[in-house]
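Heads up, the thing below is written out as structure tokens.
Every number for a ligand or one of its atoms is a count from 1 in the order of the listing.
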Amino acid sequence: MKMKCAAAAAVVLLSLFSLGLSAPLSSCDDLLKPITISKEEMLGRWYYIGGSSDIPGSRSLAYLMTDSWLDLNVTSRSNVLNIVQSQRIFGTCFSLAYDVIFENSTMLIEQPFYLKEVYLSTECADCLVAKEDIISATNFTSLLIFSRSRSISPAALELLKKQAECLQMPTPIMLNSDNEICPDDITPSEGLSAINSVLQAKMGFRVGKFLDSLFDMFIN
Ligand SMILES: *[C@@H]1O[C@H](CO)[C@@H](O)[C@H](O)[C@H]1NC(C)=O
Ligand SMILES: *[C@@H]1O[C@H](CO)[C@@H](O)[C@H](O)[C@H]1NC(C)=O
Ligand SMILES: *[C@@H]1O[C@H](CO)[C@@H](O)[C@H](O)[C@H]1NC(C)=O
């Protein structure tokens with residue numbers, strides 16, 4: 001009896017081991033491998049489609065945010081892009097403007113916080129999948145998908161979900177593509193200090209985490 005059990009356990013272990021060695025490992029490596037992308041490919045309008053982030057409060061925010069888009073434009077410096085980022089939260093549109101470094105298929109913000117964004121492969125020809133790391137006392141990772149149009153194919157969504165799994169992040173929260181988009185003509189405020197104040201609000205983190213789990217529980 002004991003022998004049989006041990007043998008069965010060994011078979012289970014062996015098959016788990018071989019499963020582990022085949023598909024998942026190598027495919028996660030592929031799915032998380034940064035792609036090469038030029039500055040020209042980055043420029044223009046990108047609609048935010050959805051994403052996942054471990055920044056506390058971000059999941060609650062994602063449920064309250066009904067629309068977001070980015071306009072990327074050149075600046076006088078060849079390695080600097082300007083971003084105008086617009087979003088509708090609680091029904092109100094507002095927009096932020098900031099400069100980022102774009103070099104070597106990588107977006108960088110160095111001040112007042114350090115953010116590095118690389119781009120991952122996607123199933124959708126006019127999409128951009130961004131993996132964003134914020135390096136600070138606590139590190140944060142976000143996985144975001146943007147598109148030139150307001151929706152993505154089910155295949156692109158499936159791939160994004162796999163990428164989130166590979167990063168051990170919660171399932172991405174998608175925007176409803178029927179929502180009204182924010183107009184172009186809102187005067188943007190200076191963006192990075194606004195984003196930084198959210199990141200610095202460490203006292204808010206516990207509340208943010210609490211809200212996130214509450215929203216996840218009731219909305220999913
Ligand atoms: C992009 O930048 C150029 C040159 O600075 C400017 O003429 C143009 O209006 C900008 N486009 C947008 C959409 O902001
Ligand atoms: C740019 O990318 C190349 C090739 O991927 C790499 O060798 C190089 O170190 C990168 N440079 C910077 C500044 O990241
Ligand atoms: C944050 O990430 C950086 C770079 O990957 C790493 O060196 C550092 O140890 C991380 N910090 C924490 C608190 O995990």
Side-chain angles (χ1 to χ4, degrees), residues 20-21 23-39 41-42 46 48-63 65 68 70 72 77-83 85 87 96 98-122 127-146 159-173 190-217:
L21 277 185
L25 271 184
S26 62
S27 67
C28 274
D29 281 351
D30 292 341
L31 291 180
L32 300 182
K33 191 173 166 197
I35 58 165
T36 302
I37 184 165
S38 69
K39 185 169 93 176
E41 290 172 291
M42 295 291 293
W46 290 103
Y48 178 68
I49 306 293
S52 187
S53 173
D54 59 12
I55 299 175
S58 63
R59 292 185 73 76
S60 311
L61 191 64
Y63 290 119
M65 185 172 76
S68 180
L70 305 177
L72 273 69
R77 284 173 293 165
S78 68
N79 68 335
V80 176
L81 294 178
N82 180 259
I83 299 185
Q85 172 184 332
Q87 50 262 304
L96 304 170
Y98 49 94
D99 286 347
V100 297
I101 297 168
F102 183 79
E103 243 173 26
N104 232 357
S105 303
T106 303
M107 182 187 288
L108 274 186
I109 295 174
E110 291 176 321
Q111 289 294 337
F113 53 88
Y114 186 89
L115 178 150
K116 179 179 167 180
E117 185 172 286
V118 295
Y119 304 93
L120 308 181
S121 55
T122 167
C127 291
L128 186 66
V129 170
K131 178 184 167 280
E132 194 173 278
D133 288 303
I134 295 177
I135 313 291
S136 60
T138 322
N139 292 343
F140 301 110
T141 302
S142 306
L143 178 70
L144 313 165
I145 189 165
F146 300 89
L159 197 72
L160 183 77
K161 285 182 179 168
K162 277 188 200 146
Q163 285 163 325
E165 275 172 30
C166 289
L167 289 167
Q168 298 178 320
M169 299 189 73
T171 302
I173 300 171
E190 198 288 305
L192 289 182
S193 52
I195 298 171
N196 195 41
S197 59
V198 174
L199 291 172
Q200 291 301 313
K202 295 216 175 77
M203 287 297 285
F205 279 6
R206 212 171 301 168
V207 178
K209 273 190 180 144
F210 172 70
L211 281 179
D212 284 351
S213 37
L214 212 63
F215 271 94
D216 273 340
M217 198 160 22

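- For Q85 and Q87, the side-chain atoms include at least one donor-acceptor pair closer than 3.5 Å.
- The heavy-atom pair separating I37 from S105 by the smallest distance is N-OG, 2.8 Å.
- Within 4.0 Å of ligand 3, the residues that place a heavy atom are I135, A137, N139, listed by chain and number.
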Quick one, V129 with L143, criterion side-chain contact (heavy atoms from CB on, under 4.5 Å). Give me CA distance, side-chain angles, the key distance, then yes/no. CA-CA 7 Å; V129 170; L143 178 70; 3.9 Å; yes

Self-check item: side-chain contact (heavy atoms from CB on, under 4.5 Å) between F102 and L72, worked out
Solution: CA-CA 11 Å; F102 183 79; L72 273 69; over 6 Å; no

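- Within 6.0 Å of the NZ atom in K39, the count of heavy atoms belonging to other residues, nucleotides or ligands exceeds 12.
- Panel note: side chain S52, backbone P170; a donor-acceptor pair is recorded below 3.5 Å.
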